[in-house]
Structure formats: structure tokens, C-alpha cells
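Written out below as C-alpha cells is the structure these notes cover.
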Amino acid sequence: MKLLEEKIKADGVALNEHILKVDSFINHQIDPILMQEMANELANHFKVKEITKVATIESSGIAPALLTSLALGVPLLILKKQPSKILNQDLYQTVVTSFTKETNYELTLSKKFINENDHVLIVDDFLANGEAATAAIRLIRMSHATIAGIGILIEKSFQPGREKLEAQGVEVYALARIGNMAENFISFL
Ligand code: 5GP
């Protein structure tokens with residue numbers, strides 16, 4: 001998506017070869033017009049798939065996921081991060097390894113909001129190693145719901161996320177795909 005690539009070039013900050021800061025328009029301050037255009041693009045791409053729910057991981061996926069769910073006319077599910085590992089019968093639970101924060105966390109979804117008839121689109125801001133999205137797929141599949149695909153704003157294509165998700169039979173659609181990055185340098189595929 002040209003608009004997003006231009007915005008990343010203008011306002012994104014590549015801290016090093018791995019981390020891109022987009023906190024002036026995506027995940028701290030949000031540019032609502034750009035966010036809505038990105039969500040509309042994701043919704044437009046996936047609208048043929050008879051999606052019943054959009055899901056995201058709190059918190060930076062919520063803005064694009066909410067606007068995508070609005071455009072598709074379906075509810076938004078927020079997969080919750082919680083520190084406790086106490087088993088709860090009313091929840092689906094799984095553990096995620098976070099490479100950026102170098103920690104593990106528990107991801108949960110209430111059983112009352114999902115069932116085997118759901119066809120779910122997962123939306124997130126970044127795709128890097130694909131750990132967050134893999135955990136989201138695992139959690140949603142626990143309910144026997146199916147995955148319609150994954151919509152991503154920014155994919156760092158030099159990291160293995162896409163391969164990992166496609167190996168699980170899931171379509172990945174990313175609005176901007178970064179092929180290469182270094183301090184103050186970004187190139188797109
Ligand atoms: P993954 O599980 O694919 O490795 O990482 C997914 C999550 O890590 C994203 O939802 C995002 O919150 C965070 N993340 C990964 N790489 C970056 C990055 O370069 N910049 C920012 N701001 N967040 C990132």
C-alpha cells in the first residue's frame with residue numbers, strides 16, 4: 001500500500017536492522033485517517049471470505065482490528081495478555097514467547113465468544129517472527145473455529161513470520177513489506 005510505505009519513509013524510524021518505530025502514527029499516537037484506510041484495505045481484501053469475527057492481540061493490534069471489524073460488519077475479539085498461568089475452565093489459554101520483550105506471556109480467549117462455526121480474520125500491526133500470530137491461531141483453533149487469514153500492517157519480510165504462518169496453511173496479507181532495514185534506512189519488497 002503506497003500510502004503506508006510513504007508514511008513509513010517519512011515518519012518511521014529504523015532503530016537498527018530489526019526494530020522499526022512507528023509510534024508517531026500507528027501504536028502510540030495514531031493517524032486515524034491512515035488507520036481507517038489501512039483497515040478498509042484489509043477488509044476489502046478479505047471480504048470474500050465470509051468472516052464472522054476479527055481477532056487481535058492487545059494492545060497495538062486493537063486500532064486496525066477494530067476498524068477492520070467495523071468495515072466487515074462483524075465483532076472484534078481481543079485476545080488478552082495476562083501474567084497468571086492459573087488454569088481457568090472458561091478460557092482457552094496458550095503461552096507466547098515475545099522476542100521483542102524477551103519474555104513469555106499467557107494469551108487467553110473466553111470460550112463464550114467463539115465456537116466451531118466462526119471463521120476468524122486475525123489482524124495485527126507487525127509481523128516479525130510470527131510468534132504472536134502463531135499463538136493467536138493456536139488459541140482460536142482450540143475452539144475448532146477456522147482461520148480466514150492474517151491481515152498485517154507492516155511485515156518485516158527478512159524475519160521468518162510469513163513462512164511460519166504459511167506453513168500452518170494460513171494466508172498472510174501485509175500492507176507494507178520491508179525487505180531490508182538498517183539504522184535510518186528502510187527498503188520495501
Ligand atoms: P512476532 O511475534 O511476529 O515476532 O512479533 C509480533 C509483535 O511484536 C507485534 O504485534 C508488535 O507488537 C511487536 N513487534 C515486532 N517487531 C516490531 C517492530 O519492529 N516494531 C514495533 N514497534 N513492534 C514490533
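Counting convention: from 1, in listed order, for ligands and their atoms alike. Values below: every heavy atom of this structure, side chains too, minus hydrogens, waters and symmetry copies.
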| request: Indicate whether any N or O donor in one side chain lies under 3.5 Å from an N or O acceptor in the other, for Ser143 and Asn115. | output: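 No.
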| request: Verify whether one side chain among Thr146 and His119 offers a donor that lies under 3.5 Å from an acceptor in the other. | output: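 His119 and Thr146 do have a side-chain donor-acceptor pair below 3.5 Å.
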| Options Gly130, Ser59, Gly61, ranked by nearest heavy atom to atom 1 (P) of ligand 1, top entry |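 Closest candidate by heavy-atom distance is Gly130.
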Where ligand 1 meets [X] - atom numbers and elements under 4.0 angstrom, heavy-atom basis:
X: Glu131; value: 1 (P), 2 (O), 3 (O)
X: Asn27; value: 22 (N)
X: His18; value: 19 (O)
X: Asp124; value: 10 (O)
X: Asp125; value: 9 (C), 10 (O), 11 (C), 12 (O)

| message | Does this structure show an ion pair linking Lys81 with Glu58, if we count only N-O contacts that are shorter than 4.0 Å? | response |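 No salt bridge links Lys81 with Glu58.
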| said: What I want to find out is whether Glu166 reaches Arg162 closely enough, with some N-O distance under 4.0 Å, to be called a salt bridge. | reply: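 Judged by the 4.0 Å cut-off on N to carboxylate O distance, Glu166 and Arg162 do form a salt bridge.
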| Looking only at heavy atoms of Gln159, does any of them come nearer than 4.0 Å to an atom of ligand 1? |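 No; Gln159 lies far enough from ligand 1 that no heavy-atom distance drops under 4.0 Å.
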Would one find an N or O of [X], backbone or side chain, under 3.5 Å from an N or O of ligand 1?
X: Leu127; value: no
X: Ala132; value: yes
X: Val22; value: no
X: Ile19; value: no

Which part of [X] is near ligand 1, with near meaning a heavy atom under 4.0 Å away: side chain, backbone, both or neither?
X: Asn129; value: both
X: Thr134; value: neither
X: Ser60; value: side chain
X: Lys21; value: neither

| query | Can any side-chain N or O of Gln168 pair as donor or acceptor with the backbone N or O of Lys164 at less than 3.5 Å? | reply |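 Yes, because the side chain of Gln168 sits within donor-acceptor range (under 3.5 Å) of the backbone of Lys164.
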| Roughly how far, to the nearest 0.5 Å, is the CD1 atom of Ile57 from the CD1 atom of Ile62? |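 Going from the CD1 atom of Ile62 to the CD1 atom of Ile57 covers 10.5 Å.
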| field | Partner residues of Tyr173 under the ring-ring contact (aromatic ring centres under 6.0 Å, His included) criterion, sequence neighbours left out | value |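 ring-ring contact (aromatic ring centres under 6.0 Å, His included) list for Tyr173, sorted by chain: His45.
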| query | Under the criterion side-chain contact (heavy atoms from CB on, under 4.5 Å), which of Leu175, Leu153, Val54 is the partner of Pro64? | reply |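 Only one of Leu175, Leu153, Val54 forms a side-chain contact (heavy atoms from CB on, under 4.5 Å) with Pro64, namely Leu153.
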| query | For Lys53, what residues pass the side chain to side chain donor-acceptor pair (under 3.5 Å) criterion, not counting sequence neighbours? | reply |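 For Lys53 there are no side chain to side chain donor-acceptor pair (under 3.5 Å) partners, ignoring immediate neighbours.
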| How far apart are the C-alpha atoms of Gln93 and Leu107, what are their side-chain angles, what is the distance that settles it, and do they pass the side-chain contact (heavy atoms from CB on, under 4.5 Å) test? | CA-CA 6 Å; Gln93 293 169 280; Leu107 204 62; over 6 Å; no
